[in-house]
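The structure appears below as structure tokens.
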Amino acid sequence: MIASATNFSGELSEAERERERERERPGKPCEVQSLSRCVVIIPRLGRFLLTRKAMKWAAVAVAVIVLTGAAADNGHEAQETEKQSETVKSNEQRRPPNIVILVADDLGIGDLGCYGNNTLKTPNIDSLAKGGMQLTHHLAAAGLCSPSRAALLTGRYPARYGMVGQKNAPSVVVQVASKVGLPLEEITLAEALAAANYTTAAVGKWHLGSGCGLLGKGCLAAQQHGFHHFFGLPLTLLNDYASTQPFFYFPCDGSDPFYQILLTVAVVSVVTLWWQCGRHPLLLFICFCVLSTVFSITWFFYTHYGFHTDKWWKVSPWMNRHLNNILIEDGVVLQQPVKLEGLSQQLASHSVGLIAKYARDEQPFFLYHSFAHVHTPMFTVPQMAGRSAQGRYGDNVEEMDAALGEILAALHEHNLEDNTIVYFVSDHGAHLEAIDEDGQRSGGYNGLFKGGKGMGAAEGGIRVPGIYRWPGHILAGVKVDAPTSLLDTLPTILELAGLPPLHELLPHLPYRELDGMSITDVLTKNAHAPSRTLIHHCDRNIHALRFIYEENVFKMHLAGNKWKPGSTQCGWGSNVFCSCYDVEDYSQEPRLYNLRQDPYEDSPIPVGSSKYNQIVGIMLQFLAEWQARVSYPPSMFSSVSDTALSPWLQPFRIPS
């Protein structure tokens with residue numbers, strides 16, 4: 001019995017003390033099955049502690065202690081998790097921002113809702129503008145694709161390194177299989193960011209040269225300029241991509257007398273050979289082979305090359321469709337020719353996938369997404385065709401807006417938008433002359449600004465939409481009329497990201513003078529634009545200068561386009577452009593406009609007035625000093641051997 005184990009004073013008997021000492025010795029842990037053995041019996045507690053009721057309450061007490069300790073441990077773990085979460089959040093805030101640049105092709109400043117268009121639906125671009133800063137005096141560095149995109153990535157006038165046209169030469173890269181392209185010695189934004197441990201990728205239209213080697217190997221031009229990954233079109237969209245002209249093109253309807261002459265000469269030659277060599281079969285065969293080769297080569301070069309025309313760089317619609325119309329991923333041809341319907345969605349999906357991939361990485365990323373829209377030819381997926389109020393062109397604008405929305409949604413989905421700088425821009429103004437064969441307009445709208453694509457200094461050709469967004473850093477919901485340029489992209493992005501200038505990031509490379517300036521203060525403080533003079537080229541020629549001083553903006557024209565009466569364009573047609581050489585010369589008496597008071601250049605400042613003499617004098621002095629200090633190389637496109645399509649450099653899709 002329990003009573004026999006104790007005396008009435010509550011002290012343990014000698015035998016019980018021995019049993020307790022045995023229990024407390026090391027190496028004899030408590031057994032879960034006998035919880036009562038874990039209760040240490042303290043002297044003087046009396047026999048109450050040894051009753052079953054006492055043991056029951058003791059067990060409850062132990063359980064409470066254990067659970068309380070577990071709860072305390074869980075609370076401690078929760079606090080640690082919260083601290084780690086705060087640390088991660090703090091690290092994310094200290095991490096350099098991601099950078100996403102979105103470039104539209106041939107988009108007019110008047111094509112977007114946030115810039116005043118009430119006929120097209122661009123909710124995603126409008127939302128981007130609402131959450132960021134909208135630039136209303138944003139300028140392209142050129143009126144055509146290749147030079148403008150080169151300026152965006154390098155911060156330098158493309159005339160400095162010959163990536164502009166000249167008379168009797170093209171103005172842009174015209175073939176995938178050619179040697180021309182952005183010079184390797186030029187430093188791009190991608191190279192600078194890669195040096196700062198960014199992961200860099202380019203998706204969409206490139207149009208800055210392909211860098212292909214023999215048999216089309218190693219077409220890695222984007223990678224040669226700092227991008228770790230490229231997926232997209234090495235060239236651009238061309239109207240010929242929609243052509244159905246066959247390779248064996250030999251019209252006999254009299255539309256081109258060359259083919260009738262070639263056929264006549266061929267028949268006469270064959271008859272003459274048969275008459276002269278009919279008795280010598282081997283000689284007849286050899287002569288026939290030689291004659292066939294000569295006629296075939298003659299036919300091929302006349303049909304598929306334009307060497308016999310003023311536009312010697314041209315190739316046939318078949319060559320454009322099958323050789324230039326390709327989709328490449330890191331040098332491997334994926335599609336040839338590219339299926340245009342669905343291309344916008346394919347490019348957007350690739351960028352969305354990259355964002356999802358890069359979101360898991362520790363280092364920041366730079367994504368350069370260049371849309372195929374809204375360059376001709378016009379194409380959309382069937383479910384978006386005919387939805388807009390502006391025909392095929394409007395469908396293209398709205399399809400591009402939807403693709404942009406997918407990319408922004410991916411940033412939001414992966415919690416990246418608060419630490420991502422997004423910059424949306426068009427490479428130049430809309431192609432006003434573009435009209436399809438059925439009479440439907442396929443060019444955009446530049447608002448009230450005069451002129452458009454390809455016109456050099458015409459305001460409508462270089463005034464472009466520009467939107468910057470970085471929540472908490474760049475002012476949101478603000479419209480700014482400060483003059484800014486695509487040239488400013490490189491220095492601005494570096495400063496916004498907290499990175500050193502170009503020459504400090506890449507000290508081992510030769511110093512490069514930038515023509516762009518950082519507009520960080522404009523974006524973050526709504527400050528005045530930097531005081532400077534901007535040069536507006538048409539190919540290698542300087543057609544105008546823009547003088548910016550605090551709130552003053554003056555533009556001096558040295559040449560002007562010869563527009564059709566009653567318009568600000570040079571005709572109508574899908575391949576019609578204004579020429580940089582068929583212009584009116586104003587150099588002896590420049591036209592000067594005050595763009596603050598007269599943004600649409602309706603009323604030039606009177607020649608001979610004090611204001612005219614003062615401002616024109618300043619700008620002409622700047623021009624003289626510039627031309628004495630900076631010499632332009634010849635256009636890289638003037639070399640026939642480098643510019644024309646070279647079959648031995650042509651990349652092909654290898655069937656799997």
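Nothing fancy with the numbering, it's 1 onward along the sequence. The structure displayed is predicted, hence computed values, not measured ones. Values below: all heavy atoms of this structure, side chains included; hydrogens, waters and symmetry mates excluded.
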According to the interplanar angle, ranging from 0 to 90°, do the rings of H350 and F231 count as parallel (below 30°), tilted (30 to 60°) or perpendicular (above 60°)? parallel
Compute whether any side-chain donor of one residue and acceptor of the other, for D126 and T122, lie under 3.5 angstrom apart. yes
Check ion pair D438-R392 (N to O, under 4.0 angstrom): yes
Salt bridge check: are D401 and K121 linked by an N-O gap of less than 4.0 Å? no
Mind checking whether F371 and F424 have parallel, tilted or perpendicular rings, split at 30° and 60°? perpendicular
Side chain of Q345, backbone of S349: donor and acceptor closer than 3.5 Å? no
Side chains of Y393 and D111 only: does a donor on one sit below 3.5 Å from an acceptor on the other? yes
Where does the angle between the aromatic ring planes of F300 and F247 fall among parallel (under 30°), tilted (30 to 60°) and perpendicular (over 60°)? tilted
Under 4.5 Å between any side-chain heavy atoms of L499 and I493, yes or no? no
Are the charged groups of R149 and D427 less than 4.0 angstrom apart, N to O? yes
Tell me whether R469 contacts the main-chain N or O of L128 through its side chain, where contact means a donor paired with an acceptor under 3.5 Å. no
Take atom CD in E362; do more than 12 heavy atoms of anything else shown fall under 6.0 Å from it? no
Assess whether atom NE2 of H503 is packed by more than 12 heavy atoms of other residues, nucleotides or ligands within 6.0 Å. yes
Could you check whether E399 and S344, counting side-chain N and O atoms only, form a donor-acceptor pair closer than 3.5 Å? no
In Å, rounded to the nearest 0.5 Å, how long is the span from NZ of K453 to CE of M455? 11.0 Å
Does D488 reach the main-chain N or O of I519 with its side chain, forming a donor-acceptor pair under 3.5 Å? no
Any sub-3.5 Å donor-acceptor pair from N98's side-chain atoms to F365's backbone N or O? yes
Quick one: does S171's side chain get under 4.5 Å of V164's, heavy atoms only? no
What do the steps show when you test D436 against S442 for side chain to side chain donor-acceptor pair (under 3.5 Å), and what is the final call? CA-CA 6 Å; D436 290 338; S442 54; 3.2 Å; yes
On a heavy-atom basis, which atom in P500 and which in E504 lie closest, and how many Å separate them? CB-OE1, 3.4 Å
Hey, are D515 and R160 close enough for a salt bridge, meaning a charged N less than 4.0 Å from a carboxylate O? yes
Lys/Arg N to Asp/Glu carboxylate O, E398 vs R387, below 4.0 Å: no
Ring centres under 6.0 angstrom apart (Y632, H537): yes
Are any of the side-chain heavy atoms of V100 and I421 separated by less than 4.5 Å? no
So, F258 versus H308, ring centres under 6.0 angstrom or not? no
Within the 4.5 Å heavy-atom criterion, are S574 and T376 side-chain neighbours or not? no
T188 side chain vs H225 backbone, donor-acceptor pair below 3.5 Å: yes
I would like to know whether H228 and T200 meet side chain to side chain donor-acceptor pair (under 3.5 Å); could you show each step before the answer? CA-CA 5 Å; H228 298 124; T200 59; 3.2 Å; yes
Looking only at the side chains, is there a donor atom on one of N396 and H373 sitting less than 3.5 Å from an acceptor on the other? yes
Would you call Y423 and I474 a side-chain contact if the rule is heavy atoms closer than 4.5 Å? no
For a quick check under 3.5 Å, do N325 and Q336 share a side-chain donor-acceptor pair by atom type? no
For the backbone of F637 and the side chain of T643, can you confirm whether one donor and one acceptor N or O come within less than 3.5 Å of each other? yes
P234 side chain near I328 side chain, heavy-atom distance below 4.5 Å: yes
Parallel, tilted or perpendicular: which describes the rings of F250 and Y259, with under 30° parallel and over 60° perpendicular? perpendicular
Residue pair L645 / S178, side-chain heavy-atom distance below 4.5 Å: no
What residue among F227, Y198, Y358 forms ring pair (Phe, Tyr, Trp, His ring centres under 6.0 Å) with F366? F227
Step by step, would you call Y249 with H304 a ring-ring contact (aromatic ring centres under 6.0 Å, His included)? CA-CA 9 Å; Y249 179 73; H304 294 294; 8.3 Å; no
Donor-acceptor check, side chain of D105 to backbone of H375, threshold 3.5 angstrom: yes or no? no
One pair to check against side chain to side chain donor-acceptor pair (under 3.5 Å): Y302 and D256. What are the steps and the verdict? CA-CA 11 Å; Y302 185 89; D256 189 338; 3.0 Å; yes
Can N168 and D310 be counted as having a side-chain donor-acceptor contact under 3.5 angstrom? no
Distance only, no hydrogens: is a donor on one side chain within 3.5 Å (strictly under) of an acceptor on the other, for Q224 and E191? no
With a sphere of 6.0 Å drawn around CD of Q383, does it hold more than 12 non-hydrogen atoms of other residues, nucleotides or ligands? yes
Distance, nearest 0.5 Å, that separates CZ of R321 from CG of D240: 10.5 Å
Heavy-atom count check: over 12 atoms from other residues, nucleotides or ligands less than 6.0 Å from D361 CG? yes
Between R156 and E513, does any side-chain N to carboxylate O distance fall below 4.0 Å? no
Would H428 and S148 count as a side chain to side chain donor-acceptor pair (under 3.5 Å) if you check the C-alpha gap in whole Å, the side-chain angles of each, and the deciding distance to 0.1 Å? CA-CA 7 Å; H428 49 70; S148 178; over 6 Å; no
Between N419 (side chain) and R95 (backbone), is there a donor-acceptor pair under 3.5 Å? yes
Backbone of S292 reached by a side-chain donor or acceptor of S296 within 3.5 Å: yes
Does the side chain of V180 come within less than 4.5 Å of M163's, by heavy atoms? no
